[in-house]
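Position 1 is the first residue of the sequence; numbering continues from there.
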Amino acid sequence: MASLRCFLRSGKNAVSGVLRREFHRSSPAAVQVTVRDALNQAMDEELERDERVFLLGEEVAQYDGAYKVSRGLWKKYGDKRIIDTPISEMGFAGIAVGAAMAGLRPICEFMTFNFSMQAIDQVINSAAKTCYMSAGLQAVPIVFRGPNGASAGVAAQHSQCFAAWYGHCPGLKVVSPWNSEDARGLLKSAIRDDNPVVVLENELLYGVAFEVSEQALSKDFTIPIGKAKVERQGNHVTLVSHSRMVGHCLDAAAVLAKEGIECEVVNLRTIRPLDVETIEASVMKTNHLITVEGGWPQFGVGAEICARIMEGPAFNYLDAPVIRVTGVDIPMPYAKILEDNSTPQIKDIIFSVKKTLNV
């Protein structure tokens with residue numbers, strides 16, 4: 001009987017030992033979030049956080065947005081905070097600017113930034129210049145956001161990149177996100193900023209899913225405006241880009257790495273103010289620079305980067321002239337084969353890298 005008791009006791013201890021055993025736990029996988037959902041989450045969280053925030057634009061409410069970026073917000077927040085407007089960019093942009101001057105924090109959505117040309121007087125003369133003209137007494141905390149740059153098959157009037165247009169204007173801040181983390185963090189920072197901020201999204205990226213860290217999913221997560229990010233380390237050549245072209249640069253870098261060429265890829269994130277220090281630090285390391293953008297070459301973002309490098313300390317570190325990879329200097333054609341040849345492709349970046357390295 002005593003031996004049976006002993007056996008049962010030892011068996012019980014063995015079972016409890018198995019139950020206590022901790023199995024190997026891998027770190028949680030990063031969540032996949034589309035750029036569309038990242039923007040939606042950012043607006044939802046900021047609408048919840050600050051009752052002064054509201055969204056207005058064409059079809060943003062009952063239709064959930066032309067690109068479904070505002071999906072579900074009207075049902076959650078109602079007509080007073082998610083407002084459908086007439087097809088009048090000059091009108092509703094002016095209403096948004098006035099609301100910002102009165103103490104609210106509007107998010108003004110353009111169905112595409114090509115339509116912002118109808119409202120550019122409100123964006124530049126009313127929003128961007130007021131703080132300066134009032135000696136800092138009148139803030140205009142407003143966000144202008146929507147898809148920017150070339151899409152697919154929408155021809156010349158709907159395919160322009162406005163990064164250089166708005167980046168030219170003092171009084172504005174201009175951000176251009178690439179992945180879901182960029183979109184989420186930069187939009188939240190833009191909404192919280194006391195200055196007018198232009199958020200240039202990309203239609204072709206809305207449905208693309210990127211890994212987002214647990215930290216980036218926090219409601220307190222923001223990305224500072226005016227700070228670039230090195231997406232890939234390298235020591236042979238620096239590739240500087242923004243928006244969708246960052247992905248092209250990373251793809252080109254992956255191909256070139258198989259040939260022993262290591263590219264450092266810098267994601268600008270912000271067009272204005274431009275993070276020149278990060279670009280200079282990379283150029284001083286790699287001694288070569290290529291800028292990549294979807295917009296036109298003349299007076300573009302790449303042209304500004306070239307000038308800044310020429311004027312600064314990094315110029316003496318260059319072993320070859322800076323090369324710009326840009327959209328072709330023509331209105332965007334409608335035919336697909338012509339459209340593909342009018343925007344930078346991965347092969348164009350690879351060719352330019354080999355040219356600047358003379359390989």
Side-chain angles (χ1 to χ4, degrees), residues 30-50 53 55 69-70 105-109 113 141-149 161-163 166-167 172-203 205-206 208-233 238-247 249-250 264-282 292-293 301 305:
V31 179
Q32 293 272 336
V33 179
T34 65
V35 172
R36 175 186 289 108
D37 288 341
L39 293 165
N40 180 275
Q41 291 168 9
M43 289 194 290
D44 186 10
E45 290 170 12
E46 294 306 303
L47 283 158
E48 185 176 34
R49 174 180 171 272
D50 189 342
V53 176
L55 171 68
V69 173
S70 55
R105 305 185 81 89
I107 306 167
C108 178
E109 176 180 311
F113 259 95
I142 185 171
V143 173
F144 299 101
R145 55 155 293 271
N148 169 70
C161 175
F162 285 85
Y166 289 117
L172 288 178
K173 294 183 179 180
V174 183
V175 300
S176 181
W178 165 53
N179 60 16
S180 301
E181 183 175 308
D182 289 356
R184 180 176 167 78
L186 288 170
L187 181 54
K188 288 171 78 72
S189 290
I191 294 169
R192 297 182 189 189
D193 202 291
D194 286 333
N195 300 283
V197 183
V198 173
V199 181
L200 301 172
E201 302 155 12
N202 187 281
E203 179 187 337
L205 289 175
Y206 281 150
V208 179
F210 293 90
E211 286 190 354
V212 176
S213 66
E214 190 174 340
Q215 176 193 2
L217 291 173
S218 165
K219 289 188 177 182
D220 297 321
F221 175 77
T222 58
I223 291 174
I225 294 174
K227 188 64 182 170
K229 180 185 179 184
V230 177
E231 297 286 352
R232 179 189 175 111
Q233 296 285 341
T238 298
L239 303 177
V240 179
S241 187
H242 67 95
S243 190
R244 183 167 172 256
M245 290 299 133
V246 175
C249 288
L250 289 169
E264 182 148 297
V265 178
V266 177
N267 174 10
L268 284 176
R269 284 182 164 175
T270 304
I271 306 301
R272 184 185 184 100
L274 193 63
D275 184 3
V276 180
E277 291 78 13
T278 296
I279 301 170
E280 286 179 338
S282 181
V292 185
E293 63 185 307
V301 175
I305 293 171

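Between the NE2 atom in H242 and the CD1 atom in I271 there is a gap of 4.0 Å [rounded to 0.5 Å]. Between the CG atom in D37 and the OG atom in S180 there is a gap of 8.0 Å [rounded to 0.5 Å]. To the nearest 0.5 Å, the span separating CG on D220 from CD on Q215 amounts to 10.5 Å. Going from atom CG of N195 over to atom CD1 of I142 covers 12.0 Å, rounded to the nearest 0.5 Å. Here the SG atom belonging to C161 is positioned 6.5 Å from the CG atom belonging to L200, to the nearest 0.5 angstrom. The CE atom of M245 sits 13.0 Å away from atom CG of L239, with the distance rounded to the nearest 0.5 Å.
Ring geometry for Y166 against F113 counts as perpendicular: the plane angle is over 60°, on a 0 to 90° scale with 30° as the lower cut.
Considering only heavy atoms from C-beta on, T270 stays 4.5 Å or farther from K173 through its side chain. Between R145 and V69 the shortest side-chain heavy-atom distance falls below 4.5 Å.
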Start with the C-alpha distance between R232 and E264, add both sets of side-chain angles, then the distance that settles side chain to side chain contact (heavy atoms under 4.5 Å, CB included), and finish with yes or no. CA-CA 5 Å; R232 179 189 175 111; E264 182 148 297; over 6 Å; no

Applying side chain to side chain contact (heavy atoms under 4.5 Å, CB included), run through V230 and S282 and close with a yes or a no. CA-CA 9 Å; V230 177; S282 181; 5.7 Å; no

Decide yes or no on side chain to side chain contact (heavy atoms under 4.5 Å, CB included) for V301 and L268, but give the supporting numbers first. CA-CA 10 Å; V301 175; L268 284 176; 4.0 Å; yes

With side chain to side chain contact (heavy atoms under 4.5 Å, CB included) as the criterion, how do E46 and R192 come out once you've worked through the C-alpha distance, each side chain's angles and the decisive distance to 0.1 Å? CA-CA 8 Å; E46 294 306 303; R192 297 182 189 189; 3.0 Å; yes

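We find that R184 and E181 are not joined by a salt bridge, their nearest charged nitrogen and carboxylate oxygen being 4.0 Å or further apart. Using a cut-off of 4.0 Å between Lys/Arg side-chain N and Asp/Glu carboxylate O, R105 and D193 are scored as not salt-bridged.
Counting all heavy atoms, side chain and backbone alike, L205 lies closest to W178 at CD1-O, 3.4 Å. Considering all non-hydrogen atoms of both residues, T34 and Y206 come closest at CB-O, 3.6 Å. In this structure, G167 and R272 approach most closely via the heavy-atom pair O-NH1, 2.9 Å. In this structure, S70 and N40 approach most closely via the heavy-atom pair C-ND2, 3.6 Å. Taking both residues in full, the closest heavy atoms of V33 and A38 are given as CG1-N, 3.8 Å, listed atom of the first, atom of the second, then distance. In terms of heavy atoms, D182 sits closest to P177 at CB-CB, 3.5 Å.
Applying the side chain to side chain contact (heavy atoms under 4.5 Å, CB included) test between R269 and each of I223, I225, T278, D275 identifies I223 as the sole match. When each of L186, V35, L39 is paired with E201, the side chain to side chain contact (heavy atoms under 4.5 Å, CB included) condition holds for L39 and for no other. For the pairing with K188, the side chain to side chain contact (heavy atoms under 4.5 Å, CB included) check across Q41, M43, E45 returns one residue only, E45.
Looking at residues two or more places apart in sequence or on another chain, you find no salt bridge (charged side-chain N to carboxylate O under 4.0 Å, His left out) involving E203.
S213 contributes a side-chain N or O that, together with a main-chain N or O of A216, makes up a donor-acceptor pair within less than 3.5 Å.
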